[in-house]
Amino acid sequence: MEMERVTGFPLDRRPRKRARLGWDVPQVPKAQVGIFCAQEVGNVISFASSRAPSDIIPSSLFVKGVDRNGSPPWREDDKDGHYMFAVGDNLTSRYKIHSKMGEGTFGQVLECWDRERGEMVAIKIVRGIKKYRDAAMIEIEVLQQLGRHDKSNRCVQIRNWFDYRNHICIVFEKLGPSLYDFLRKNNYRSFPIDLVREIGRQLLECVAFMHELRLIHTDLKPENILLVSPDYVKVPDYKNSSRSQRDGSYFKRVPKYSSIKVIDFGSTTYERQDQNYIVSTRHYRAPEVILGLGWSYPCDVWSVGCILVELCTGEALFQTHENLEHLAMMEQVLGPLPHHMFKKIDRHAEKYVRRGRLNWPEGAASRDSIRAVLKLPRLQNLIMQHVDHSAGDLIHLLQGLLRYDPTERLPALDALKHPFFMREHLRR
């Protein structure tokens with residue numbers, strides 16, 4: 001079969017995220033403007049806030065050929081605390097902004113040229129608001145710990161960090177698109193099962209590694225898993241021949257390499273007792289989180305199960321934004337929730353239960369909600385619709401990853417020993 005080799009394609013943000021409506025420039029309190037200083041943390045250099053309108057930079061930190069007055073003009077943050085920039089600006093004398101890669105609740109990610117290393121890097125510029133700055137400092141601590149122990153290289157590598165104009169900036173190696181970006185650019189068409197197997201293996205290796213360090217990611221999702229390479233090939237998509245002819249003229253993209261890395265450790269936490277607050281992005285949120293039963297390492301494993309289904313089908317398993325509907329979707333796909341979990345539910349979740357069972361469909365918000373639940377197939381049928389071979393092994397694995405009771409859910413290290421992963425590796 002002839003395959004067309006293509007290198008890269010542009011990234012898009014997930015449509016459910018809030019759209020940027022343009023730049024706004026309110027006043028920044030003077031207290032936010034600090035004096036520049038240099039601080040070394042391990043092997044990482046930190047630069048504290050510069051003062052407007054230019055930066056005071058120690059001469060020892062200048063890069064040859066960069067003018068002393070090369071700092072961009074002072075721009076006030078937008079109304080949400082996002083850093084205002086222009087392509088071509090410098091971030092300290094070392095980095096030059098090349099393009100914007102993405103934006104999230106935390107801030108923005110910019111593609112920048114690292115003059116010192118002579119390569120492109122990705123710089124996460126955190127919003128200039130205290131809670132996001134505090135979270136960024138925790139993320140840096142986690143990243144440094146992961147970097148010291150990550151022998152398998154499954155977590156994104158931190159290169160540097162600095163504090164610039166009241167924004168924590170974290171420098172990462174530049175990687176390829178996220179799994180979600182790839183799916184979206186591919187019109188949400190599924191990945192081949194052998195690729196799902198290899199991605200699943202690496203993802204579980206990362207999760208098992210983090211859990212050994214007593215760390216819980218809490219926000220695993222396709223947006224936070226990046227392909228190392230942007231390269232892909234085009235292959236005939238016979239399964240979707242209804243959209244075109246069966247002569248092979250209809251193609252889909254397949255990543256050329258299977259290597260991935262996990263990113264975004266801003267929500268990562270150490271294991272503690274009585275962790276009851278809400279974690280995880282909705283579609284990948286475990287039932288114990290929704291029911292207020294407390295959560296720990298198994299919440300990451302549930303997210304992995306949801307991700308593997310999405311890679312096999314091209315679409316999120318539980319497409320909902322409401323708790324009761326979400327629980328009803330789980331029951332439709334996986335069977336009834338166990339009664340012993342209902343007996344322990346948080347008082348805020350009592351409204352989801354009636355007479356010892358889920359209050360569904362009586363508690364449904366609308367008929368559309370009931371229809372959305374009823375159209376979902378059972379897990380076994382869903383996988384067999386999309387997987388040609390290894391379906392039995394994959395279904396058995398998913399049944400272990402998606403067990404309702406977190407104490408019975410398959411640990412990441414045990415999941416790696418499952419027969420689904422015992423087949424020949426893809427060439428990386």
Side-chain angles (χ1 to χ4, degrees), residues 14 16-18 80 104-107 126-127 129-139 142 180 207 210-211 214-225 262-307 309-310 316-331 333-334 337-338 340-353 358-360 363-365 369 372-373 401-409 412:
R14 194 156 198 161
R16 67 174 175 242
K17 292 184 178 177
R18 175 180 61 84
D80 296 316
T105 305
F106 61 86
V126 178
R127 290 162 65 183
I129 297 173
K130 185 179 185 303
K131 68 176 181 178
Y132 294 107
R133 286 175 54 87
D134 292 345
M137 296 309 297
I138 294 172
E139 181 176 10
V142 170
Y180 177 78
V207 172
M210 291 187 67
H211 291 180
R214 301 188 65 186
L215 290 168
I216 310 169
H217 189 285
T218 77
D219 197 21
L220 293 171
K221 55 184 176 180
E223 291 95 326
N224 287 341
I225 305 166
V262 174
I263 66 166
D264 196 350
F265 299 90
S267 302
T268 298
T269 181
Y270 292 94
E271 181 200 21
R272 292 189 299 271
Q273 295 294 322
D274 302 321
Q275 296 180 121
N276 291 306
Y277 56 92
I278 298 297
V279 292
S280 305
T281 299
R282 160 66 71 187
H283 297 1
Y284 313 94
R285 186 175 295 157
E288 66 268 22
V289 178
I290 299 173
L291 294 172
L293 301 178
W295 49 266
S296 187
Y297 305 111
C299 76
D300 282 345
V301 174
W302 178 277
S303 299
V304 172
C306 294
I307 292 166
V309 174
E310 186 165 347
L317 177 57
F318 302 117
Q319 298 188 41
T320 178
H321 296 282
E322 195 272 324
N323 283 335
L324 181 57
E325 182 182 86
H326 194 170
L327 294 168
M329 285 182 167
M330 290 179 185
E331 291 202 331
V333 174
L334 302 169
L337 282 149
H340 72 267
M341 290 183 69
F342 287 146
K343 292 178 181 178
K344 302 175 185 175
I345 58 174
D346 179 90
R347 60 184 178 85
H348 298 294
E350 289 177 352
K351 58 187 175 183
Y352 306 135
V353 180
L358 196 67
N359 186 27
W360 187 269
S369 180
V373 170
L401 300 177
L402 296 174
R403 286 178 186 159
Y404 287 127
D405 189 334
T407 64
E408 298 177 0
R409 203 168 297 153

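The first residue of the sequence shown is numbered 1, and numbering continues consecutively from there. Reckoned from all heavy atoms, side chains included, excluding hydrogens, waters and symmetry mates.
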For the residue pair Leu324 and Trp360, establish whether any side-chain heavy-atom pair is separated by less than 4.5 Å. yes
Please tell me if the side chains of Tyr270 and Leu215 come closer than 4.5 Å, counting only heavy atoms from C-beta onward. yes
Would you find a donor on one side and an acceptor on the other, under 3.5 Å apart, between the side chain of Asp300 and the backbone of Thr218? yes
Can you tell me how far NE2 of His348 sits from CD1 of Ile290, rounded to the nearest 0.5 angstrom? 15.0 Å
Leu334 versus Met329: any side-chain heavy-atom pair under 4.5 Å? no
When rounded to the nearest 0.5 angstrom, what is the spacing between CG in Asn224 and OH in Tyr180? 13.5 Å
Is there side-chain contact between Asn359 and Tyr352, with at least one heavy-atom pair below 4.5 Å? no
If I take atom CD1 from residue Ile307 and atom NE2 from residue His283, how far apart are they, to the nearest 0.5 angstrom? 12.5 Å
Within the distance-only criterion (no hydrogens, no angle test), does the side chain of Asp219 pair as donor or acceptor with the backbone N or O of Ser280 below 3.5 angstrom? no
What is the distance from atom CD of Glu139 to atom CG of Asp134, rounded to the nearest 0.5 Å? 13.0 Å
Is the closest side-chain heavy-atom distance between Pro406 and Trp302 below 4.5 Å? no
Is there a side-chain contact (heavy atoms from CB on, under 4.5 Å) between Asn276 and Asp346? Walk through the geometry before answering. CA-CA 9 Å; Asn276 291 306; Asp346 179 90; 5.9 Å; no
Return yes if some donor-acceptor pair links the side-chain N/O of Arg409 with the main-chain N/O of Tyr404 below 3.5 Å, else return no. yes
Would you say the ring centroid of Tyr277 lies under 6.0 angstrom from that of Trp295? yes
Heavy atoms from other residues, nucleotides or ligands near CZ of Arg272 exceed 12 (cutoff 6.0 Å): yes
Quick check: closest heavy atoms across Cys299 and Ile216, and the distance to 0.1 Å? SG-CG2, 3.9 Å
Quick one: closest heavy-atom pair of Thr105 and Arg127, and the distance? O-NH1, 2.9 Å
Heavy-atom pair of closest approach, residues Pro298 and Glu288: C-OE2, 4.2 Å
In Å, rounded to the nearest 0.5 Å, how long is the span from OG1 of Thr281 to CG of Asp264? 8.5 Å
Side chains of Leu327 and Leu291: closer than 4.5 Å at any heavy-atom pair? yes
When rounded to the nearest 0.5 angstrom, what is the spacing between CD1 in Ile225 and OG in Ser303? 9.5 Å
Considering all heavy atoms, the nearest Ala286-Met330 contact: C-CE, 4.4 Å
Under 3.5 Å: donor-acceptor pair, side chain of Arg133, backbone of Val126: no
In short, Arg285 meets His326 closest at the heavy-atom pair O-CE1, 3.8 Å
Any donor-acceptor pair under 3.5 Å from Glu331 side chain to Leu337 backbone: yes
List the atom of Tyr297, the atom of Glu271, and the distance in Å for their closest heavy-atom pair. OH-OE1, 3.0 Å
